[in-house]
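Treat the numbers as computed from the prediction; the structure is a model and nothing was measured. Each chain gets a letter, A, B and so on, in the order the sequences are listed, and its residues count up from 1.
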Protein chains: 2
Amino acid sequence: MKKKLTIRDIANMAGVSHMTVSRVLNDDSRVSSETRARVLSVVRAHNFTPNPKARAFSSNKSRIIGLLVSDISNPFYAELARGMEEKAHEYDYNIMFCSELSVDKEQEALNFLLKAGVDGLVFASVRLNDSRIERLIKESFPLVLVNRELPGHACDHVVCNNRKGARILMKHLFGLGYQRIAIITGSSDLSTGLQRLEGYHSSLREKGIAIKADYIVQGAFDRETGYNGTRRFINLDERPQAIFAGNDYIAMGVLDALDEAGLTVPGDIAVVGFDNTHFAAHRRINLTTVSQRQYEMGAIGVDILIHSIEQAKTDYQHHVVLEPLLIIRESCGHRLQAAH
Amino acid sequence: MKKKLTIRDIANMAGVSHMTVSRVLNDDSRVSSETRARVLSVVRAHNFTPNPKARAFSSNKSRIIGLLVSDISNPFYAELARGMEEKAHEYDYNIMFCSELSVDKEQEALNFLLKAGVDGLVFASVRLNDSRIERLIKESFPLVLVNRELPGHACDHVVCNNRKGARILMKHLFGLGYQRIAIITGSSDLSTGLQRLEGYHSSLREKGIAIKADYIVQGAFDRETGYNGTRRFINLDERPQAIFAGNDYIAMGVLDALDEAGLTVPGDIAVVGFDNTHFAAHRRINLTTVSQRQYEMGAIGVDILIHSIEQAKTDYQHHVVLEPLLIIRESCGHRLQAAH
DNA sequence: CTGTTAGCGCGTTCAC
DNA sequence: GTGAACGCGCTAACAG
């Protein structure tokens, strides 16, 4: 394995100083085009690439973006990661991820990324202790929140309009004649959980439908919560006509419980989800849901982040709100014959 | 934002030289325990962590493992990534990923990781031009292939016994009375595609069942291939009793086509998949399949890789073969009443 | 436009 | 067991 070349070697071969090589490699304008061409030909002839470690050390920039998620194997985050990656590569950055599951204490996950010397961070995880974020903000560390907000703190973020997403789904259900609509969603501690519930509330209010506590279940954003919540609804005297699941995972649990109880969808009861993850699309699931456009979320988040990093001014003034996209499938059926 | 401390600052505060601090931080034994304690107390008091960029530069080790996949949002790879991450963090390494989708030319994806200065690579992607791998092997670059092999080249790899997995599924089908079994799988250019097909062939041969060309479809490992292949089978004079899908994605397409044609599973036709991805578990899919244990694959791959990196001897002698795990669900039903 | 010089913060080497 | 001097390959600052 032949020894790795340095810019000095290239400089010698091209008959220039190593700084000229450095300038050429960094697209510095102050190099004559002939010199540039000569240097580049040597660079290409030897397939030279500058030592990334030296570069990072010297410039104090790693060109790495840290992605903090609760679990990279969750399809929502994985798609987010894809969007981030695409954009990052455009700017010649790389993505390093860390799942909070993979280190004992959640907070350690953040430290892992920080210790690695990332230039900026995307927080897609919602489980993180906020005081850590506050500290980063105080140090004006480049930072973008994705799929969550931090009430009371200015911080760049990219979110989906969760409230609107909920309202879109509710409107869709109303339009089909459904009135008795129950909801199963995640905790109001999370901005996503809170806002989707708000959308549900405000839609009912506008429609003049009383809000029934019996029709509201809050738990985790998982299948089990969907299953248990649905069991509860099924046993109600006045069973809901439709169930609004706070995300697709919950919707999975809803379908489980409904199938088990011999109830058909949408015949006996309609279901909507949230997120438009892969399985919602499957023919046997066929879930009407709303897309948060996680791929774009990731791409936009990285774009903002890289600009903060490169302009060395992180003013935390970027607040992007994506419009949710209604995806109509078969889980709500067509118009109900008669309003009850 | 207060200036970042260096080991020299710590050294001053502790009244020692920066080298002593360096030794303490690197667990070098040649430091008296009192000195060590004093240094550590200062380190902890200031929450000091050595500059990772300087460290990487100086040691020429980034403590980053590159993960090359065809698409990180594919759940198979995402779970692999989780397993890798868990193990990497144990050793204080980080994971940087790159999807081949995200750069124009597939080969660029590898360069992206290499340019970033990763210490080693996990190739989980199957689409890569093999000549690139050969070159890395020649340079004895730390490298582990996961979920694929490279025929004709010694290279560390961790794979599932695909042939055995196929045989397990076939045996399961035979045991239930199925004899006319068709297969839809990926290209034989991939070791996975080839070996699963081999398992299919050898099982039939042993059972003394003739291999019918009509019952074999090879394409991509995707849903469309499953759909199209199934349409073909449905129209056959002698329709197969069971379809062996080369992976769960293909199985999805199989189910699509079957549902569309009004055929029930397993009533009219049985289906098995491969991979045990999340959706296979869903009640409405309920696919009997085989797990490749991708999480363990990732963890084992990283373990091997880190040992290669740290021992600076990459002999490429590690070949781990994981035993596939049969996951029985409902897509094959119970014993057939009569053999045809 | 180009070159010279001086670090960046660590680890390595060799003294003591 | 400890410390001083040096160098890793690059970029930044200034000089020409």
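One N or O on the side chain of B:Ser99 and one on the backbone of B:Ile72 form a donor-acceptor pair closer than 3.5 Å. Under the 3.5 Å distance criterion, the side-chain polar atoms of A:His89 are matched with a main-chain donor or acceptor of A:Tyr93. For B:Asp71 (side chain) and B:Glu100 (main-chain N/O), no donor-acceptor pair under 3.5 Å exists by modelled atom type.
B:Arg8 has its CZ atom 11 Å from the C1' atom of C:dG7, to the nearest Å. Regarding B:Leu25, its CG atom lies at a distance of 12 Å from the C1' atom of C:dG11, rounded to whole Å. In this structure, CZ of B:Arg23 is placed 15 Å from P of C:dC10, rounded to the nearest angstrom. With rounding to whole Å, A:Ile7 atom CD1 is found 15 Å from C:dT2 atom P. Across the protein-nucleic acid pair, A:Asp27 atom CG and C:dC1 atom P stand 15 Å apart, rounded to whole Å. Going from atom CG of A:Asn26 over to atom C1' of D:dG9 covers 13 Å, rounded to whole Å. Going from atom NZ of A:Lys53 over to atom P of D:dG7 covers 21 Å, rounded to whole Å. Atom C1' of nucleotide C:dC10 and atom NZ of B:Lys61 are separated by 15 Å, given to the nearest angstrom.
Between B:Ser58 and A:Thr20, the residue whose closest nucleotide on DNA chain C is further toward the 5' end is A:Thr20. Each of A:Ser33 and A:His18 has a nearest nucleotide on DNA chain C; the 5'-most of these lies closest to A:Ser33.
For D:dC8, neither phosphate oxygen OP1 nor OP2 lies less than 4.0 angstrom from any side-chain nitrogen or oxygen of B:Ser59. Taking 4.0 angstrom as the limit, A:Asn51 places none of its side-chain polar atoms (N or O) nearer than this to OP1 or OP2 of D:dC8. At the phosphate of D:dG1, neither OP1 nor OP2 sits under 4.0 Å from any side-chain N or O atom of B:Thr35. The side chain of B:Ser17 places no N or O atom within less than 4.0 Å of a non-bridging phosphate oxygen (OP1 or OP2) of D:dT2. Distances shown here put a side-chain N or O of B:Arg55 below 4.0 Å from the OP1 or OP2 atom of C:dG11.
Ring centroid separation for the pair B:His307 and B:Tyr91 comes in under the 6.0 Å cut-off.
In this structure, B:Phe57 forms no aromatic stack with the base of C:dC10, since the conditions of centre separation below 5.5 Å and plane angle below 30° are not both met.
Inspection of the B:Arg55 and B:Asn60 side chains reveals no N or O donor paired with an N or O acceptor under 3.5 Å.
The side chain of B:Thr6 lies closest to C:dC10 when the candidates are D:dC10, C:dC10, D:dA4. For B:Met19, the listed nucleotide lying nearest its side chain is C:dT13; candidates were C:dT2, C:dT13, D:dC10. Of all nucleotides listed (D:dA4, C:dG9, D:dT11), C:dG9 comes nearest to the side chain of B:Ala54.
B:Asn60 comes within contact range of no nucleotide atom at all, as no heavy-atom separation falls under 4.0 Å.
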